[in-house]
Structure formats: C-alpha cells, structure tokens
A.B. asks: 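I'd like to ask you about the structure that follows.
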Amino acid sequence: MKKKFTDSGIEIKEVYTISDLPVINCELPGEFPFTRGVQTDMYRGKLWTMRQYAGFSTAEESNKRYHYLLSQGVNGLSVAFDLPTQIGYDSDHPLSEGEVGKVGVAIDSLEDMEALFRGIRLEDITTSMTINATGFILLAFYIALAKKQGADLGKISGTIQNDILKEYAARGTYIYPPKPSMRIITDIFEWCAIEVPKWNTISISGYHIREAGSTAVQEIAFTLSNGKAYVKAAMEKGMDINVFGKRLSFFFNAHNNLFEEVAKFRAARKMWAIIMKDLGATDTRAMMLRFHTQTGGATLTAQQPLNNVTRVAIQTLAAVLGGTQSLHTNGYDEALSLPTEAAAGIALRTQQIVAFESGVPETADPLAGSYFIESLTNEVETNAWKLIATIDAMGGSVAAIEQGFMQDEIARSAYEYQRQIESGEKIIVGVNKFQSDESYTTPGFKIDDSIRQIQIDQITALKAKRDHNKVQQCLQQINNAAMGTLNLMPLVVEAVENYCTLGEISDELRKVFGEYK
C-alpha cells in the first residue's frame with residue numbers, strides 16, 4: 001500500500017490506537033503548557049475576534065470598506081498598507097510610482113490616518129496593522145489620532161505586526177539592517193509597556209514564512225525561534241519578561257491539511273510556553289501563546305475560483321479547532337485581485353456560520369484525545385524542536401537568517417511542493433486534476449493609477465501649511481536619538497503630531513542606520 005504523508009512529510013498511519021499516544025495527557029485548557037488552549041472555557045466564554053483584512057486606494061476609500069465590515073458584524077479591523085508605506089516612501093517618491101494604493105492603503109501622514117478612521121472611535125475597536133519596517137511610525141500615527149479623539153490610551157488595544165526577522169527570511173519589506181531594526185522593536189516594547197499597556201507590541205509571524213513555501217513544521221519552528229530572539233533582545237535591554245511577555249502575540253497561516261494544521265497550533269502553544277519558562281518567565285500569562293490566524297493566500301487558485309470558498313471553510317475550521325484568538329478569512333477572488341465587497345462578505349459569513357451553526361465552539365479543544373491528533377501534535381512538536389536546536393547552534397535566528405539557513409530551507413520546501421503538484425503526486429482540484437473548459441468571469445477589483453496624484457496633491461498641501469521649523473526640529477531630534485540610545489518612540493509621536501510624513505521620518509533613520517541590501 002502506498003504511504004501517505006502530511007505536507008510536512010510526517011507519515012500518516014492507516015489507523016491510530018492508544019499505543020500511538022506519547023503519554024496519556026490529563027492537561028486541561030487554560031493550564032500550562034496550554035496545548036489545549038489559553039482559556040479554560042475557550043469560545044464558550046468569548047468567541048474569537050472576527051477580523052477582515054482590508055485596505056486599498058486612499059484612506060477615504062478604505063474607510064468606506066471599514067464601515068461596511070463593521071456594519072456586517074466584524075469586531076476587529078485589520079489594515080493592509082500599500083508597498084511604499086511598508087518600505088518607508090511617501091506617495092510622491094519616484095520609487096512609489098505604480099504602487100500607490102495597490103496592495104493596501106496609502107498612508108503618508110497623520111492626515112491620512114485621520115481619514116482612514118473617520119467616524120470610528122479607536123476606544124471601541126481593536127485594530128491590527130500588518131506593518132513591519134515602518135510599524136513604529138504607523139503606531140505613532142494611530143496613537144496621535146487616539147489622542148486627538150480624546151481616547152484613554154490605557155484602553156486602546158490592537159496589534160502591530162512589527163516582526164522584522166521574517167521580512168529578511170521570507171517577505172522582503174525591510175529597510176534597515178537587522179541590528180538597528182531590533183533596536184526599534186525593543187524601543188516599541190519599552191514605550192508601549194508604559195504608554196499603551198493593552199497594545200500587542202508585536203505579532204510574530206509564521207504566516208508569511210508559510211506563504212513563501214515553508215511546511216507547517218518549519219512555520220512554527222522558525223516563528224518561535226524568531227520569538228526567542230525578540231524576547232532575548234528585550235531582556236538584554238533590561239525589560240521584565242513577565243511584563244512584555246504578556247503583550248507578545250503570534251500570527252499563523254491555516255492551510256488545507258486540516259489535522260496537521262490543528263496539530264501545528266496545539267504544538268506551537270505548548271512549545272512557546274516551554275520556551276518562555278526556560279527564558280525565566282514565572283507569570284503564566286507571559287507563557288501563553290495567543291495568535292491571530294489568516295487563511296492561506298497561497299492555497300487560493302485562479303482556476304475555478306469559487307472552489308476557494310470551500311478551501312477557506314476548511315481552513316476556518318482548522319483555525320477554530322486549533323484555538324485561534326482572532327481570524328481573517330480570505331475572499332474567494334484573491335488569486336485574481338483585491339477582494340471585492342461581495343467576496344469579503346462571503347468570507348466573513350464563513351466565520352459566522354462556523355461560530356453560530358457548526359457547534360464547533362461549544363467545547364474547548366474538541367479534538368483532544370483523538371489518537372491521530374495527539375500523535376500528530378507530538379510529531380510536529382518533535383520535528384520543530386529539531387529545527388530550533390539547529391538554529392540555536394548557529395547562534396539564534398539573526399545568525400541563521402544572516403547565513404541564509406531559513407531562506408534555503410523555505411526555498412527547498414517550496415520547490416518540493418511545486419514538484420509534487422507538477423508531477424501529479426499532490427492534487428489541486430481545478431489546477432492539475434478535475435479541470436474544466438468553463439470560463440469564469442469573476443469580477444476583478446481594480447485600483448486606478450490616479451490615486452497617486454491624489455496623494456501627491458495632499459502631501460503638497462500639507463507641507464505648505466505645516467510649521468516648517470517645527471518639522472525640521474522634530475526630524476533632527478530623531479536623528480540625534482538614533483545616533484545614541486534614547487528611545488525613539490516619543491520623538492516619533494511628536495514628529496507625526498507636527499505632520500512630519502512617514503517618508504521623512506524613514507529617511508532620517510536611513511541617514512543613521514543605512515539600508516539593508
């Protein structure tokens with residue numbers, strides 16, 4: 001009989017029995033090491049936060065989509081930023097041409113942030129911002145806006161992704177070299193602990209590692225290893241692991257191999273609890289792995305795109321059965337364009353059907369005790385620890401990235417996955433089997449190139465009316481602080497409040513830190 005394997009290459013037996021269980025596990029949800037979940041009652045107490053990732057064109061256009069999503073039952077916003085915003089260029093920079101507003105919303109200044117959240121009270125929502133190299137600037141915009149709204153900063157909650165290590169390993173939207181990038185991240189940890197104590201200061205991301213072609217095992221091994229690097233950097237700065245540890249969150253991918261994905265989430269929780277305990281955490285809340293999940297963008301097909309509705313439903317089940325704290329579901333048309341409003345609506349309804357019709361949330365960790373799930377959780381964990389040990393022997397994540405280890409491992413896995421599809425060993429419905437000649441006329445979502453001129457006009461008008469001397473003073477203070485050890489965050493907040501632009505602040509730090517090539 002032909003052998004069967006998970007996507008991580010773990011062999012699947014024909015049948016599992018009690019002899020396959022590593023130990024009889026009597027652990028309860030909410031108990032260390034949290035394999036079964038971080039809350040005792042999980043979704044009976046509170047459902048996961050239903051987020052929909054959205055952002056495109058101008059702040060005004062994205063604001064309309066946010067109001068639509070909030071009206072449809074979303075209880076957390078998730079902001080996508082365009083490429084120039086992600087890599088620290090204003091919309092009027094020559095390198096921004098052709099990219100403004102395309103893969104997310106263009107945010108150049110506090111004025112744009114004001115437009116993005118017009119009519120939305122920041123105290124009343126949680127906001128996740130998928131931003132890394134310029135995460136500290138976008139957080140400063142958000143805090144400045146909250147202050148203008150008169151919000152209590154002690155109640156402001158949300159997350160900035162702020163995970164630069166995976167950018168070097170898998171995604172590419174870095175600006176500065178690793179060491180100054182890590183310094184910015186620890187500055188954010190330190191400042192937020194005092195100023196916005198409910199804010200999640202980093203979302204350590206396996207999502208993009210998986211999108212780049214990693215296996216499920218590599219996704220959690222590399223992500224948790226990066227997490228260790230951030231924790232060690234913060235501790236070296238004298239920060240208390242029991243304080244900042246509670247504000248760390250994670251971001252994982254959900255793919256189609258349902259049981260391996262559930263096992264992955266369970267193993268990741270257990271491993272992170274052990275890692276944090278070994279690093280000196282004594283507060284159990286600092287050992288809890290809390291995570292957001294997004295369904296797998298790389299799994300969506302342009303062929304027979306309506307099939308993606310089913311894929312997203314399976315991935316939603318994987319995330320919920322695995323105990324996610326928040327979830328974004330992809331639109332079925334995202335292999336073709338940004339999601340249309342109709343596709344975003346179906347994606348949200350998928351979460352709501354699982355939440356209110358499936359019965360899945362009624363009990364914590366419903367697959368616990370399954371011979372297969374428990375065995376698979378153990379195998380995923382064992383294989384991930386081996387990878388982490390290899391990275392530790394190299395000197396940790398920063399060294400492993402600098403030596404190209406993670407990049408090479410991901411590339412090897414991506415190649416093998418594609419080889420299996422092309423050879424027919426792995427079947428993708430509608431792509432390499434069950435194709436049809438039927439043509440699909442899924443309406444695409446297009447962004448007009450005139451958006452850039454709108455942004456340029458706004459920047460020009462802003463620069464004409466702001467206090468030029470105050471702007472120069474703010475930028476010089478940031479430059480001086482970057483040369484030393486002073487925390488950058490209060491100076492960046494002051495700069496954005498005086499309408500310095502994202503590009504100006506990024507350029508000031510480029511002068512000091514240089515760019516990573």
A.B. asks: How many angstroms lie between atom OG1 of T223 and atom CZ of R210, to the nearest 0.5 angstrom?
C.D. replies: 10.5 Å
A.B. asks: How many angstroms lie between atom OH of Y66 and atom CD of E61, to the nearest 0.5 angstrom?
C.D. replies: 12.0 Å
A.B. asks: Applying salt bridge (charged side-chain N to carboxylate O under 4.0 Å, His left out) to D365 and R266, what does each step give before you reach the verdict?
C.D. replies: CA-CA 9 Å; D365 192 23; R266 299 174 88 248; 2.9 Å; yes
A.B. asks: Establish, from distance only, whether the side-chain atoms of N432 and E422 form a donor-acceptor pair under 3.5 Å.
C.D. replies: no
A.B. asks: Tell me whether Q418 contacts the main-chain N or O of S413 through its side chain, where contact means a donor paired with an acceptor under 3.5 Å.
C.D. replies: no
A.B. asks: I need the single residue from T295, T350, N308 that forms a side chain to side chain donor-acceptor pair (under 3.5 Å) with N330. Which is it?
C.D. replies: T295
A.B. asks: Would you say the side chains of N132 and K166 form a donor-acceptor pair under 3.5 Å?
C.D. replies: yes
A.B. asks: Answer yes when K228 and D392 have at least one side-chain N-carboxylate O distance shorter than 4.0 Å, and no when they do not.
C.D. replies: yes
A.B. asks: Quick check against the 3.5 Å criterion: does D333 have a side-chain atom that pairs as donor or acceptor with the backbone of T340?
C.D. replies: yes
A.B. asks: Can you name the closest pair of heavy atoms from M394 and A399 and give their distance?
C.D. replies: O-CB, 3.3 Å
A.B. asks: Between D507 and K511, is there a side-chain N and carboxylate O pair less than 4.0 Å apart?
C.D. replies: no
A.B. asks: For the residue pair D82 / T85, report whether a side-chain donor-acceptor contact shorter than 3.5 Å exists.
C.D. replies: yes
A.B. asks: Any donor and acceptor pair, going by atom type alone, linking the side chain of E379 with main-chain N or O of T377 inside 3.5 Å?
C.D. replies: no
A.B. asks: Verify the ring-centre separation between F291 and W272: is it less than 6.0 angstrom?
C.D. replies: no
A.B. asks: Step by step, work out the side chain to side chain contact (heavy atoms under 4.5 Å, CB included) result for T390 and F405.
C.D. replies: CA-CA 10 Å; T390 301; F405 172 74; 3.8 Å; yes
A.B. asks: Apply salt bridge (charged side-chain N to carboxylate O under 4.0 Å, His left out) to residues K102 and E99 and explain how you reach the verdict.
C.D. replies: CA-CA 5 Å; K102 289 292 176 70; E99 290 293 343; over 6 Å; no
A.B. asks: Any side-chain to backbone donor/acceptor pair from Q315 onto G296? Under 3.5 Å, distance only.
C.D. replies: yes
A.B. asks: To the nearest 0.5 Å, what is the distance between OH (Y16) and CG (L376)?
C.D. replies: 6.5 Å
A.B. asks: Hey, are K4 and E11 close enough for a salt bridge, meaning a charged N less than 4.0 Å from a carboxylate O?
C.D. replies: no
A.B. asks: I'd like to know if the side chain of Q407 pairs up with that of R412 as donor and acceptor (distance under 3.5 Å, no hydrogens or angles considered).
C.D. replies: no
A.B. asks: Under 30°, 30 to 60°, or over 60°: which ring-plane class applies to F32 and F34, parallel, tilted or perpendicular?
C.D. replies: perpendicular
A.B. asks: Does the ring center of F259 lie less than 6.0 Å from the ring center of F372?
C.D. replies: yes
A.B. asks: Salt bridge between R419 and E416, side-chain N to carboxylate O under 4.0 Å?
C.D. replies: yes
A.B. asks: Check the surroundings of atom CD in E97: do more than 12 heavy atoms from other residues, nucleotides or ligands lie under 6.0 Å from it?
C.D. replies: no
A.B. asks: Cut-off 3.5 Å, side chains only: do D108 and Q455 have a donor facing an acceptor?
C.D. replies: yes
A.B. asks: For D90 versus S96, what's the shortest heavy-atom pair and its separation?
C.D. replies: O-OG, 2.7 Å
A.B. asks: Could you check whether S181 and Y168, counting side-chain N and O atoms only, form a donor-acceptor pair closer than 3.5 Å?
C.D. replies: yes
A.B. asks: Can you list the steps and then say if S423 with E425 is a side-chain hydrogen bond (donor to acceptor under 3.5 Å, both in side chains)?
C.D. replies: CA-CA 6 Å; S423 70; E425 291 170 56; 3.0 Å; yes
A.B. asks: Is any side-chain heavy atom of I478 closer than 4.5 Å to a side-chain heavy atom of L509?
C.D. replies: yes
A.B. asks: Given R171 and I209, is the side chain to side chain contact (heavy atoms under 4.5 Å, CB included) satisfied, shown in steps?
C.D. replies: CA-CA 8 Å; R171 191 161 173 268; I209 289 169; over 6 Å; no
A.B. asks: Could you verify whether a donor N or O on one side chain and an acceptor N or O on the other, from T282 and N242, lie under 3.5 Å apart?
C.D. replies: yes
A.B. asks: Could you check whether atom NZ of K237 has more than 12 heavy atoms from other residues, nucleotides or ligands sitting under 6.0 Å from it?
C.D. replies: yes
A.B. asks: The test is side-chain hydrogen bond (donor to acceptor under 3.5 Å, both in side chains); show your working for Q351 and T316 and say whether it passes.
C.D. replies: CA-CA 7 Å; Q351 293 201 49; T316 300; over 6 Å; no
A.B. asks: Please give me the minimum heavy-atom distance between V380 and A263, naming the atom from each residue.
C.D. replies: CG2-CB, 4.3 Å
A.B. asks: Start with the C-alpha distance between S214 and E219, add both sets of side-chain angles, then the distance that settles side-chain hydrogen bond (donor to acceptor under 3.5 Å, both in side chains), and finish with yes or no.
C.D. replies: CA-CA 6 Å; S214 82; E219 180 188 353; 5.3 Å; no
A.B. asks: Is it true that the side chains of S205 and D163 contain a donor and an acceptor less than 3.5 Å apart?
C.D. replies: no
A.B. asks: What is the minimum heavy-atom distance between Q86 and T134, and which atoms define it?
C.D. replies: O-OG1, 3.7 Å
A.B. asks: Which word best sums up how the rings of Y176 and F513 line up, parallel for under 30°, tilted for 30 to 60°, or perpendicular for over 60°?
C.D. replies: perpendicular
A.B. asks: Going by side chain to side chain donor-acceptor pair (under 3.5 Å), R51 matches just one of T127, T159, T126. Which one?
C.D. replies: T126
A.B. asks: Just by modelled atom types, is the L300 backbone N or O under 3.5 Å from a matching donor or acceptor in the E334 side chain?
C.D. replies: no
A.B. asks: Would you give the length of the straight line joining atom CD1 of I204 to atom CZ of F250, rounded to the nearest 0.5 angstrom?
C.D. replies: 3.5 Å
A.B. asks: Main chain of S225, side chain of S397: is a donor-acceptor contact present, judged purely on distance under 3.5 Å?
C.D. replies: yes
A.B. asks: If you measure from CG on D112 to OG on S91, what distance do you get to the nearest 0.5 Å?
C.D. replies: 7.0 Å
A.B. asks: Starting at CD1 of I160, measure out to CG of L139 and round the result to the nearest 0.5 Å.
C.D. replies: 4.5 Å
A.B. asks: State, to 0.1 Å, how close Y230 and I164 come at their nearest heavy-atom pair, and which atoms those are.
C.D. replies: OH-N, 2.9 Å
A.B. asks: Using a strict 4.0 Å threshold on nitrogen-to-oxygen distance, state whether R269 and E381 make a salt bridge.
C.D. replies: no
A.B. asks: Using every non-hydrogen atom in the two residues, find where R65 and P339 come nearest and quote the distance to one decimal.
C.D. replies: NH2-O, 3.3 Å
A.B. asks: Please indicate whether F5 has more than 12 foreign heavy atoms, meaning atoms of other residues, nucleotides or ligands, lying under 6.0 Å from its CZ.
C.D. replies: yes
A.B. asks: Between Q325 (side chain only) and T49 (backbone N and O only), is there a donor and an acceptor less than 3.5 Å apart?
C.D. replies: no
A.B. asks: Should F265 and L289 be marked as a side chain to side chain contact (heavy atoms under 4.5 Å, CB included) after you check the CA-CA gap, both sets of side-chain angles, and the distance that decides it?
C.D. replies: CA-CA 10 Å; F265 296 132; L289 183 145; over 6 Å; no
A.B. asks: Between E190 and M239 (side chain of the first, backbone of the second, donor and acceptor by atom type, cut-off under 3.5 Å), is there such a pair?
C.D. replies: no
A.B. asks: Any donor and acceptor pair, going by atom type alone, linking the side chain of N162 with main-chain N or O of T201 inside 3.5 Å?
C.D. replies: yes
A.B. asks: When you measure from the side chain of T6 to the backbone of I10, do you find a donor-acceptor pair of N or O atoms at a distance under 3.5 Å?
C.D. replies: yes
A.B. asks: Using side-chain hydrogen bond (donor to acceptor under 3.5 Å, both in side chains), reason through Q161 and S203 one step at a time and then give a plain yes or no.
C.D. replies: CA-CA 4 Å; Q161 191 164 100; S203 177; 5.1 Å; no
